[in-house]
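Computed from a predicted model, the values in this text were never measured in an experiment. The figures that follow rest on heavy atoms only: side chains count, while hydrogens, waters and symmetry mates do not. Residue numbers begin at 1 in each chain, while the letters A, B, ... track the order of the sequences.
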Amino acid sequence: MLKYILRRILQMIPVFIGVTILLFILKAPGILPGDPIRMITGEKEISPVLYQTLIEENGLDKPLVQQYFIYLGKLTHGDLGKSYQKDRPVTELFANTYPNTIKLAFAAIVVEILIGVGAGIISAIKQYSFWDVLVTLSTSILVSVPVFWLGMVLQVIFGIEMKKWTGGAFFLPISGMSGDQFPAWVHLILPAVTLASVSTAYAARIMRSQLLEVMGQDYIRTATAKGLRHRSVVFKHALKNALIPVVTFIGLDLGAMMSGAILTETIFNWPGVGLEIYLAIGQRDWPIVIGGVIIVVFAVMIINLLVDISYAFLDPRIRYGGAAE
Amino acid sequence: METLLSVKDLKTYFTTRDGIVKAVDGVSFDLHPSETLGVVGESGSGKSVTAMSIMRLIQGPQGKIEAGSITFRDQDVLAMDEEEVRHLRGDRIAMIFQDPMTSLNPVFRVGDQIAESLIIHKGMNKKESFARAIELLELVGIPKPESRAKDYPHQFSGGMRQRAMIAMALACDPDILIADEPTTALDVTIQAQILELMMELQRRTGSAIIMITHDLGVVADMADRVLVMYAGRPVEFGTADEVFYKPQHPYTWGLLDSLPRHDIDEKGNLCPIQGQPPSLINVPTGCAFNPRCPYAKDRCRTEVPQIRDIEGKHGAACHFAGDVDFFRGCAGVTS
Ligand SMILES: Nc1ncnc2c1ncn2[C@@H]1O[C@H](COP(=O)(O)OP(=O)(O)OP(=O)(O)O)[C@@H](O)[C@H]1O
Ligand code: SF4
Ligand SMILES: [Mg+2]
């Protein structure tokens, strides 16, 4: 197992090199239009002398290949450079925004587990009941609802209309991470629900179909024949088997969310990495783009590794590193 | 003799899109303590459904026990509520299934799966029950049971898994062990070992066994009494000796003929069974066996044969059972 983990970590190195090369190619002149220095100064005319100073200050005068190696050298010291626009170290910027992304991602995962997995289980054990039909129908609608549309509808319903109906007594915050009116976690509700929506629907469907399939297996009949309560048969014997694919799905989703959620972050004005990188691309603020992508890729790989490890705990047939017979 | 289990006129039907499947249609038998009853029949003759009915494992709403009675030690099994049935299952009546590869839960340790019955029925704690599970694994002949108990099913071979299933079934010292084709999925050498093990354990524990099989050879060595089923109905029953040496029903003759020859006296008119088992949705009228029976007469196509008693120790559901002259007269038909 330890060997496996080590191997996976070593495999990350070539991925990093590949990703950084790709990003530096984007930076090459003529690939993407727009001059980062002109973006800093905006419309204002600047003197050629100042322009030259800014170019040199940001290391843009050197050949791209040399820039790349300078960057790698700094990277080994954990230095991701400085933003052109904000004049602050990239690491410092992401130290502020990354926790927001993580908070949002975990809140979304909680929604997926509580609502998605929960609805899937209910739907399966009460197959063909009212609840099952409700879950099956609503999930098939939910998977095709565009996220930005759902986000805005939620804002209108819970933020604006609700406030009107209740005379301001009950409503949910629709923008930002904190305010005087609510504790911080309340600000998470709508963005988390929006971000989780599609995956929650998928999680419910996977959970339902897996549980139904497992309930038909021979070992479930064995468990019943042993004299176990129906409850134990479902929640002990069936659920642990049925959860394996669900955990994989949710784990992959968590990994994907580590790269930020541009749509959700934009709609709810949530200062996460998705939004940060997205804005930086528009401004050709290469240190933020490159540094941000590196952090994101790293986080995604770490989460995927953790998911694979937890997977082995759920399913004894999987033991990494070829230790099992 | 004391009767442990009594099944009377059991009818278990399934509602399917194509119609009602009469999987079990009027099966009766008694089981006495410590005896072995062999239940024999071709695939689809309703053997498993009979066993599942006794365990109340028939899944509604498609499957339903329509009629009959099942009595275990004077208790009406069909009238039990879910909780009472639970105390029967695994504790008083245990079951071993056909396919050991799929009958164990892949995500739990083998020892824990055996220990589970002891926890629910005997009130043991985790430690006691696991220690007992190790003893049981040793009893069924698993080498190094302490470490094997901590293995997962995928680390066991097929024969070992069936041994583990037997250990699980015997954990609570049940009165009845129902073995539904316990060796069909195993290769021949392992089959013999498993059967030997079951007989050995029966001598020690005194459980009664219902041995379900489509292979008469299996019950020949093990069973005290034999019930032969065809299309969900009993066609012949009696002591193993009676059924093997003096079979009365043409279907049983056919089954015996597909056996590697024992020292059965040559009747000269044994014949292998031609054709396919009937549809259980449209069971042939009269004797269900008539389309395949070389001796069928008009009467067989209209009138359901009742069980005919032969010398008080044997029964066969054939209009002509016991009528040696009738079958002699037909001998030419088969050759
Ligand atoms: N859940 C079910 N729904 C519909 N039909 C069923 C169901 N379970 C069993 N049957 C039918 O009942 C009949 C008897 O099946 P059963 O499993 O008892 O046969 P068997 O004698 O055990 O045969 P085998 O040797 O193949 O195990 C079969 O025709 C089968 O198709
Ligand atoms: S009743 Fe008729 S058809 Fe049925 S087994 Fe006897 S002879 Fe054959
Ligand atoms: Mg069967």
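- No other option in Asp91(B), Leu88(B), Val107(B), Thr102(B) has as many heavy-atom pairs under 4.5 Å with chain A as Val107(B).
- Closest heavy-atom contact between Pro316(A) and Pro106(B): CG-O, 3.2 Å.
- With a 4.5 Å cut-off on side-chain heavy atoms, Gln113(B) and Thr222(A) do not count as touching.
- At a 4.5 Å heavy-atom cutoff, the contact between Ile244(A) and chain B is made by side-chain atoms alone.
- Contact of the Glu116(B) side chain with the His237(A) side chain is registered, since non-hydrogen atoms from C-beta on lie closer than 4.5 Å.
- Looking only at distances, a side-chain donor or acceptor of His121(B) sits under 3.5 Å from a matching main-chain atom of Lys226(A).
- Residue Glu83(B) touches chain A through its side chain alone, counting heavy-atom pairs closer than 4.5 Å.
- Residue-environment remark: CZ (Phe14(B)) exceeds the threshold of 12 foreign heavy atoms within 6.0 Å.
- Considering only heavy-atom pairs separated by less than 4.5 Å from chain B, the leading option among Thr224(A), Leu314(A), Val214(A) is Thr224(A).
- Looking at Leu57(B), only its side chain comes within 4.5 Å of chain A, counting heavy atoms on both sides.
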Next on the checklist: One pair to check against side-chain contact (heavy atoms from CB on, under 4.5 Å): Lys240(A) and Phe108(B). What are the steps and the verdict?
Outcome noted: CA-CA 9 Å; Lys240(A) 196 175 173 197; Phe108(B) 293 109; 4.0 Å; yes
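- Residue Leu137(A) qualifies as enclosed at atom CG: its count of foreign heavy atoms under 6.0 Å is above 12.
- At a 4.5 Å heavy-atom cutoff, Met101(B) makes no contact with chain A through either its backbone or its side chain.
- The only member of Asn105(B), Leu104(B), Asp99(B) that meets side-chain contact (heavy atoms from CB on, under 4.5 Å) when paired with Asp218(A) is Asp99(B).
- Between chain B and the residues Ala238(A), Ala223(A), Ala225(A), the most heavy-atom pairs under 4.5 angstrom are made by Ala225(A).
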